[in-house]
Number of protein chains: 2
Amino acid sequence: MSPTREDYLKIIYELGGRVTRVPNKEIAMKLNISPPTVTEMMHTLVSIGWIEYVPYRGSMLTEVGVEEAKKLIHKHRLWEVFLVEHLGYSLEDVHDEAEVLEHATSDTLANKLYHFLGKPDYCPHGGAISFNKIEEQDNEAIPLPEVGKGVRAQILRHVNEEKLLVYFKNHNLSLLDIIIVKEFDKSLDLLHIYNETNGEDVYISEKTSHYIFVKQVD
Amino acid sequence: MSPTREDYLKIIYELGGRVTRVPNKEIAMKLNISPPTVTEMMHTLVSIGWIEYVPYRGSMLTEVGVEEAKKLIHKHRLWEVFLVEHLGYSLEDVHDEAEVLEHATSDTLANKLYHFLGKPDYCPHGGAISFNKIEEQDNEAIPLPEVGKGVRAQILRHVNEEKLLVYFKNHNLSLLDIIIVKEFDKSLDLLHIYNETNGEDVYISEKTSHYIFVKQVD
DNA sequence: CTATATATTTAGATATAATTAAAATAAATC
DNA sequence: GATTTATTTTAATTATATCTAAATATATAG
């Protein structure tokens, strides 16, 4: 399977395709390509059997699609562990390398690597590695904007992309921080968040905050 | 650069493109593709600057081409070491995995991997790993058929391909064995070889023996 | 509940990569 | 010099991934 197709698959998974129908527009935006290209590719993914697609509505992953996506995520995160723990890579650099390696990794290799690394539970960005844990984490994690006002929540993970890493760092938001959503100014697209862990108030783009995943805590 | 192009580059290197002009036919045969495809690709490789090509004569690597080829070989062998020593792969299985991984390996990654592995000298098939040693080994190694009759020679390495591995194993020819070429029956395409190391007489295809590299010993 | 805005799809192309078969041509050999 | 062998040219084919512009469907706002 081509890396390109696998990239579409992963993005649909990350945008919630396991439980929601993902509109083409979101995919087009995330990949910076034109909408027709997405439509075209959706037909391809249907023919592979990875997604179930309803025109004008969007796509949802099939069981096979979910499995494939999880495999890719598993491989990606395994490489991140290897790169950081054994090769001394910094957190910022691992993503791009893993992005390429994951597509060149056979299932056998992934399995041997998993054991070599000592069956790690999490990647350096907090993402679960075992298939069960990936499922579990994705079940309890919800996108930040879906947390109600005033509810305490813990940052579990975020979509793994260089720009986002920098953005979150600049706003002093880190993995496992406890935060409370205070208010949302729709016209400014700003989400007011109180970071209980470091005592700071931060304002982040609501749009961007879709890529932070949290779980409610009490 | 695409994996396909890189594969052509490596094959030209393996067929001696560093010092000889490699005819298209040999490339076509090794890759099991039609001659026009090779001609076409040679033009592409010229435009990349990897080879210098004379129509009807064949291609020779440029300085850049040699460097690129050595990088790929370096990466390939590094992965083989990693797969065998750390992941417990068997000798027979590493080649195919390494073949895919090498194309997904950045120079940075190769460098870090090299140090992680403790700057190994040789891959599990006897191929040199450091750039200097690759050069050196390729200078002293000659294809078996070029050794004169009755001359003692040592098997240094062979072109790394599943079928060949099995073929050589079946003939009890192993890395570092000392052999003497006795005779060559052209009509049968058989090379009569005495394996001094295990005391056996073997007959192998002359054509195939081009892929065993040896150095003269006295 | 229509008009407008937005999202999606179709249609028609383009680019590039990798490949082929058949015919033409060059080089090597006998 | 004639024949065999190797190589190239020509003319296509297949597959992947992408686009723009126009048409169409869906959602939203009076």
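Below, read A as the first sequence line, B as the second, and so on, with proteins coming before strands; counting in each chain starts at 1.
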Side chain of B:Pro36 - closest among C:dT9, D:dA17, D:dT8: D:dT8
Short side-chain N/O contact from B:Arg57 to OP1 or OP2 of C:dA27, under 4.0 Å: no
Gap between atoms CD1 and C1', on B:Ile48 and C:dT16 respectively (whole Å): 13 Å
Rounded interatomic separation in angstrom, taking CG from B:Asn32 and P from C:dA18: 17 Å
B:Thr4 vs C:dA17: side-chain N/O to OP1/OP2 distance below 4.0 Å: no
Atom-pair distance (CE on A:Met42; C1' on D:dT18), nearest Å: 14 Å
Protein-nucleotide distance (A:Ile27, atom CD1; D:dA17, atom P), rounded to Å: 15 Å
Separation between CD1 of B:Ile134 and CZ of B:Arg77, rounded to the nearest 0.5 Å: 5.5 Å
More than 12 heavy atoms of other groups within 6.0 Å of A:Glu63 CD: no
Phosphate contact (C:dT8 OP1 or OP2) by A:Tyr53 side-chain N/O below 4.0 Å: no
Which residue lies more 5' along DNA chain D, comparing A:Tyr56 with A:Glu40 via nearest heavy atoms: A:Glu40
d(OH, B:Tyr8; C1', C:dA18) in whole Å: 7 Å
Listed nucleotide nearest any side-chain atom of A:His43, set C:dA18, C:dT10, C:dA26: C:dT10
Below 4.0 Å: OP1/OP2 of D:dT8 and any side-chain N or O of B:Asn24: yes
Separation of atom NZ in B:Lys25 from atom P in D:dT4, rounded to whole Å: 16 Å
Atom pair distance, as rounded to whole Å: CZ in B:Arg21 and P in C:dA27: 13 Å
Nearest-0.5 Å distance that lies between atom NZ in B:Lys75 and atom CG in B:Asn111: 10.5 Å
Shortest side-chain distance from B:Ser2, nucleotide among C:dT9, C:dA17, C:dT20: C:dA17
Charged tip of A:Lys182 within 45° of A:Tyr194 ring normal and under 6.0 Å: yes
Atom pair CE (A:Met41) and CG (A:Asp7), whose distance is rounded to the nearest 0.5 Å: 9.5 Å
Along DNA chain D (nearest heavy atom to each residue), the more 5'-positioned of A:Ile33 and A:Arg5: A:Arg5
B:Met41 CE - C:dT20 P separation (whole Å): 11 Å
Closest nucleotide among D:dC19, C:dT9, C:dT8 to the A:Pro23 side chain: C:dT8
Residue-phosphate contact under 4.0 Å: B:Thr37 side-chain N/O, C:dT20 OP1/OP2: yes
